Amino acid sequence: MVTATILNRRDFLKTSAAGATALVIGFHLAPSAAAAPTAEDQEKKPANPFTAWVRITPDNQITLILGKSEMGQGIMTALPMILAEELYLDWKQVKIEQAPTNPAIYEHGTGGSGSIAGSWTPLRQAGAAAREMLITAAAQHWNVNRDTCKPKDGGVLHGARKQFLTYGELVDAAAKLPVPDFNTVPLKNPDDFTIVGYDHNRFEARSKSTGTAKFGIDARPAGLVYAVIARCPVFGGKAAKFDATKAKAVPGVHDVFVIDPVAQGAFSSGGVVVIAGNSWAAMQGRKALDITWDEGPHAAESSQSLREQFVANASKPGKVVRNDGDADSALASATKKVDIVYEIPFAAHACMEPMNCTVRIGPNGAEAWVPTQAPQWAQDIIVGVSKLPRESVVVHTTLMGGGFGRRYQADFVMEAAQVAKAIGDKPVMVLWTREDDMQHDFYRPASYHHMQGAVDAQGNLAAWKHFQTSTSIAAMWEKDGAEKPEQSEFATAAFIPYQAKNYRIEYTLANSGVPRAWWRSVEHSSSGFVVESFVDELAAAAGADPLEFRLRAIGDDRKIPDFTNPKEGKPLDTARQKAVLKLAAEKAGWDKPLPAGVFRGIAGYFSFESYTAGVAEVSVKDGQIHVHRIVYAVDCGRPINPNGIAAQVEGAAIYGVSAFMKDAITIDRGRVVQSNFNDYQMPRINETPKIEVHVLNSTEEPTGIGEPGLPVIAPAVCNAIFKATGKRIRRLPIRPEDLA
Amino acid sequence: MAITFTLNGNSQTVDVSPEMPLLWVLRDTLSMTGTKFGCGMALCGACTVHINGEATRSCITQIGSISGKKVTTIEGLSADGTHPVQQAWMAEDVPQCGYCQSGQIMSAVALLSKKSSPTDADIDDAMSGNICRCGTYQRIRKAIHRAATIQSGKATSAA
């Protein structure tokens, strides 16, 4: 039995001495893109909390520092809540600031729904350390036993003498004390929590409701010029020649020049740059360029040619990734077999704020304003291009209008650094239009799945065989991606909770020039749809209720090792998976009748160490799908901000709807066909179902929720469509003929 | 070419090409970045401002066409977030990334200026031009209903 090791995104996570996790991209930067080994690679020592995490002024103004990127997922609120809890602060008094980019102290990379999980213990330790130092300073000041001092109301109280000193009065002395050992510093008893676990509105709701919140695209340093770039529409192509005469004659245009593509790492496409005094003039200038493109090696690729590859790959065995028992024999002898092909297209991120980056490179220093999920990488890029020492490269992480994984990339940073270097000591914003953003994305991969399964005479799952071919993320990004392309493509599909003695997984890489990377929930967006649609078909073959079949197929309480990462991945706890399925069903009134014409579908899934389940209520009339309600149950361990958790699940559902009920990204002549929201449509308010989110009040370690709401939405709705119409949806996005 | 209009109650003159969209005059010429760029084709609503009280997509509105008109942007709704719609937005914790919310709020204010107690169907009609990629639609709807009760005096923002 040959098995290939699958590594999922957890393999990108690296554990530091403080127990925090970092999102590290496993690639080699080209020499032009990076100077010395990055500070990420260094072991981080826990920093003095008064340097890194909490700033207290003598007048007791307390500012908590956020070391991650806020892209709407709510960690600008949730992470400081953890610090505030250990410091016994009044939340209303707290201010919050973005940390400066400093990879020696912070694990800046924000993604993989990993911020809460990775920061929970280190932030508690940092907050507790600061608190203990403040208490010690107070005790020393009063010359009393520190056991008689308690933190309270932003200060330290000595009960017996009723003496009180604010943190502001203590901080100077406290900050000079030795930092307690993070591994032994006493953490607050969760039974005493007054902040963590309670609903909070987001800290920056006011600035986001008044137009004062500053996104990357809002950077306006003095002397700013604007750049737009004409990029070859065909992936991997470049400008062969161009005529800038008309472009330079456009009022406001300053200059036109070429920047080179940068391959492995930034994957920036290069192109013809137009510099102007305002965004509009730059766009007008670009329209006036006359460019002949060398389209490069991928000009013949199309969605059709890719599908032909998929079909050809599926006609032969793939590389065996997992093989328990003998699925082929079990299938051959089975009476009730299900044999289905699922097809899933590329998807675009479509962040509301198009990509942009503002950089100034001067002789002695550089400064950048970057809406980024990867500030360390952005800094590395600018260090590499400018050849300046890291200490003189200041990167401001701004708020961002959506991340969803797109802003984990460095292509838009590389371009801005190259342009800044070319124009001399002036800040320049490289601004992407919507068309640029849609056609030069790193897409959710296209995939093709051949599922075969069987139920036995007792109606139990007997065999599960999953062949996948796809435009693998790992094949593009990993050093050994050509050898192990499957490592990014299965996730929980490689360790389903449903017991099948005969369980076989195979994979074949499909070649593509289309860039792809991490899109909200990554491989779970396709795996969730495939697994939860297929188990529903098996339930139907067994004549069983979809919920009852799932619970029975999951079986006993047990912990299933993460097949993709047995050493570090959290196992799938079947008790928790069953609990969310049951809770979603209960809250949806699974056994109660629905209004005429409305039908239910269910799906449950384990992703990013969290458990989600959803029940969709759907009607289909005259070929129109109406999703009335989605009832979610989520278990992401101990909830930090339940209000924030609900918001993330509501949002993930809508984000997921766009990918299976609206448009696909399609390829023709090596380029993306779609360009704006007219042909890559987004769900609107009038199509939004009612979404209810029930958050389990768990005491398990907190895990992520930015992404886990997404994998269940497509299968839950499509399973309901089956009940409504008798038609199974096996190809996304849903087309009218699929319902006919 | 000098073009004069009223911006958030004050007279404003800019010297730009008359074809330049109002969106870029606001964002680049005047550095008023509260109004956002999302698509450039009036498909997403992020650029919504009021022109003579009407919700308008500034990305396709040429500056030459608004000479003498009254423009209100998100910055002009209130000095400090006290507009009832802004109060409702904060009370319902509507924003996630926040990028679309200036446009959402401007569209909502325009709706409420015409219909003081909008139905869900009214909200669908008025707001379906505004995309939210973070999916805050459910909270937007709730906030508009709440703003309606604040404006009618039936509730305070703290309710």
Side-chain angles (χ1 to χ4, degrees), chain A residues 70-74 201-202 204-215 217-218 220 226 251-252 277-281 283 350-354 399-404 431 433-435 643-644 647-648 650-655 657-658 676-678 682-688 690-691, chain B residues 16-17 19-21 23-25 27-29 31-41 43-44 46 73-75 77-78 80-81 83 85-87 89-102 105 121 123-125 127-141:
Chain A
E70 171 62 62
M71 54 186 124
Q73 86 281 46
N201 285 11
R202 75 174 52 233
E204 75 285 10
R206 172 177 294 272
S207 68
K208 288 177 174 176
S209 303
T210 54
T212 56
K214 296 282 183 253
F215 298 83
I217 203 173
D218 301 327
R220 293 289 182 273
Y226 299 81
N278 66 74
S279 310
W280 172 248
M283 291 181 209
C351 300
M352 278 315 296
E353 177 195 9
L399 293 172
M400 57 211 77
F404 312 121
L431 173 65
T433 62
R434 176 57 52 192
E435 291 79 7
N643 173 40
Q648 284 314 291
E650 292 160 20
I654 304 298
Y655 200 91
V657 161
S658 72
N676 208 308
F677 294 125
N678 49 349
M682 294 286 118
R684 308 283 178 147
I685 191 169
N686 56 311
E687 307 163 88
T688 305
K690 187 169 190 308
I691 302 172
Chain B
V16 297
S17 157
E19 282 113 30
M20 187 168 176
L23 173 65
W24 300 112
V25 173
R27 289 187 55 81
D28 294 356
T29 312
S31 292
M32 287 174 63
T33 56
T35 309
K36 305 301 188 197
F37 168 62
C39 72
M41 282 179 71
L43 294 166
C44 80
T73 69
I74 183 76
E75 293 94 339
L77 278 192
S78 71
D80 53 1
H83 191 286
V85 172
Q86 291 171 316
Q87 290 289 304
W89 243 245
M90 288 184 256
E92 294 296 334
D93 208 33
V94 172
Q96 289 190 25
C97 86
Y99 191 77
C100 76
Q101 299 296 341
S102 296
I105 288 169
I123 292 172
D124 286 348
D125 287 341
M127 301 298 296
S128 58
N130 288 81
I131 296 174
C132 174
R133 193 68 171 124
C134 296
T136 67
Y137 296 126
Q138 180 161 281
R139 294 185 186 220
I140 288 173
R141 186 184 299 282

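For clarity, every value in this text was computed on a predicted model and none was experimentally measured. Below, read A as the first sequence line, B as the second, and so on, with proteins coming before strands; counting in each chain starts at 1.
- For the atom pair CZ of Arg684(A) and SG of Cys132(B), the computed distance is 11.5 Å after rounding to the nearest 0.5 Å.
- Among the candidates Ala205(A), Ser279(A), Gly211(A), the residue making the largest number of heavy-atom pairs closer than 4.5 Å to chain B is Ser279(A).
- Lys208(A) contributes atom NZ, which lies 11.5 Å from atom OG of Ser102(B) (distance to the nearest 0.5 angstrom).
- For Arg141(B) (side chain) and Ile685(A) (main-chain N/O), a donor-acceptor pair under 3.5 Å exists by modelled atom type.
- Only the side chain of Thr688(A) comes within contact range of chain B, judged by heavy atoms closer than 4.5 Å.
- Atom CG of Asn686(A) and atom CG of Asp125(B) lie 8.0 Å apart (nearest 0.5 Å).
- Top candidate by heavy-atom pairs under 4.5 Å with chain A, chosen from Ala121(B), Cys97(B), Cys134(B), is Cys97(B).
- Taken from CD1 in Ile217(A) to OH in Tyr99(B), the straight-line distance is 3.5 Å, to the nearest 0.5 Å.
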Check against side chain to side chain contact (heavy atoms under 4.5 Å, CB included), Ser658(A) and Arg133(B): CA-CA 9 Å; Ser658(A) 72; Arg133(B) 193 68 171 124; 3.0 Å; yes

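- For Asn678(A) (side chain) and Leu43(B) (main-chain N/O), no donor-acceptor pair under 3.5 Å exists by modelled atom type.
- Using a 4.5 Å cut-off between heavy atoms, Ser128(B) touches chain A through backbone and side chain atoms alike.
- When Met41(B), Glu75(B), Gln101(B) are compared by the number of non-hydrogen pairs under 4.5 Å with chain A, Met41(B) comes out ahead.
- Considering every non-hydrogen atom in both Ser209(A) and Trp89(B), the closest pair reads OG-CB, 3.8 Å.
- Per-residue counts of heavy-atom pairs under 4.5 Å with chain B were compared for Phe677(A), Phe404(A), Trp280(A); the largest is that of Trp280(A).
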Trace of the side chain to side chain contact (heavy atoms under 4.5 Å, CB included) decision for Glu353(A) with Lys36(B): CA-CA 8 Å; Glu353(A) 177 195 9; Lys36(B) 305 301 188 197; over 6 Å; no

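- Taking all atoms of both residues into account, the shortest heavy-atom contact from Gln138(B) to Ile691(A) is OE1-N, 2.6 Å.
- Contact of Ala213(A) with chain B is made through the backbone alone, with heavy-atom distances under 4.5 Å.
- Not a single donor-acceptor pair under 3.5 Å links the side chain of Asn278(A) to the backbone N or O of Thr29(B).
- Heavy atoms closer than 4.5 Å to chain B are found nowhere in Gln73(A), neither backbone nor side chain.
- Of the listed residues (Gln648(A), Glu650(A), Arg202(A)), just one forms a side-chain hydrogen bond (donor to acceptor under 3.5 Å, both in side chains) with Gln96(B), and that residue is Gln648(A).
- The part of Asn130(B) that comes within reach of chain A is its backbone (N, CA, C, O), which places non-hydrogen atoms under 4.5 angstrom from that chain.
- Closest approach of Ile131(B) and Met352(A) over heavy atoms only: CG2-SD, 3.8 Å.
- Ion pairing between Arg206(A) and Asp80(B) fails under the 4.0 Å rule for side-chain N and carboxylate O.
- At a 4.5 Å heavy-atom cutoff, Leu399(A) makes no contact with chain B through either its backbone or its side chain.
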Chi angles and distances behind the side chain to side chain contact (heavy atoms under 4.5 Å, CB included) call for Asp28(B), Arg220(A): CA-CA 9 Å; Asp28(B) 294 356; Arg220(A) 293 289 182 273; 3.0 Å; yes

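- Heavy atoms of Ile105(B) lying under 4.5 Å from chain A belong exclusively to its side chain.
- No donor-acceptor distance shorter than 3.5 angstrom exists from the side chain of Tyr137(B) to the backbone of Ile654(A), with no hydrogens or angles considered.
- Proximity to chain B is limited to the side chain of Lys214(A), based on heavy atoms less than 4.5 angstrom apart.
- With a 4.5 angstrom heavy-atom cutoff, Arg27(B) touches chain A via backbone and side-chain atoms both.
- Of the listed residues Cys44(B), Gly34(B), Pro21(B), Ser17(B), the one with more heavy-atom pairs under 4.5 angstrom with chain A than any other is Pro21(B).
- Contacts between Met71(A) and chain B at a heavy-atom distance below 4.5 Å involve the backbone alone (N, CA, C, O).
- Of all non-hydrogen atoms in Met283(A) and Trp24(B), the two that sit nearest each other are CE-CZ2, 3.3 Å.
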